[in-house]
Amino acid sequence: MWCGLCDVALKPALLATRIRFYGCRNPRCPRPLVEADLVETLVWQAFEYRFLEPIAEVIAEEQRAILEHALERVTIGADLGQMCYVWRDLP
Ligand SMILES: [Zn+2]
């Protein structure tokens with residue numbers, strides 16, 4: 001995942017709350033941390049919308065593997081309403 005404001009990769013962050021976040025590597029970035037579960041849900045929905053009929057039962061680990069295969073990059077703009085996906089060409 002990439003920061004659309006800084007054009008650098010986001011890095012995972014784990015806070016004491018045990019909730020996973022992604023944060024920008026640029027310390028001056030204006031973007032707040034984004035909640036990983038929320039972003040990953042949005043990405044999965046985008047994937048389903050593009051490639052699949054909704055799948056009832058795909059466990060989280062499978063989702064992640066599928067998305068790693070299918071996605072070149074996700075760029076998050078100023079907020080989560082501005083997500084940009086670059087998909088790989090699937091066979
Ligand atoms: Zn940034």
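Since we're looking at a predicted model, the values are computed, not measured. Numbering of ligands and ligand atoms starts at 1, following listing order.
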- Report the protein N/O/S neighbours of the Zn ion (ligand 1) that fall below 2.8 Å; do not count waters. Cys3 SG, Cys6 SG, Cys24 SG, Cys29 SG
Could you pull out the closest heavy-atom pair between [X] and [Y], with the gap in Å?
X     : Y     : result
Asp7  : Trp2  : O-CZ3, 3.5 Å
Leu5  : Pro30 : CD1-CG, 3.7 Å
Glu40 : Tyr22 : OE2-OH, 2.9 Å

- Step by step, would you call Trp87 with Leu71 a side chain to side chain contact (heavy atoms under 4.5 Å, CB included)? CA-CA 5 Å; Trp87 303 98; Leu71 263 175; 3.5 Å; yes
- First locate atom SG of Cys6, then atom CZ of Arg31, and finally report the distance between them rounded to the nearest 0.5 Å.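 Result: 7.0 Å between the selected atoms.
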- Task: Begin with the C-alpha distance, continue with both residues' side-chain angles, and end with the deciding distance and a verdict on side chain to side chain contact (heavy atoms under 4.5 Å, CB included) for His69 and Ile66.
- Result: CA-CA 5 Å; His69 179 66; Ile66 292 169; 5.8 Å; no
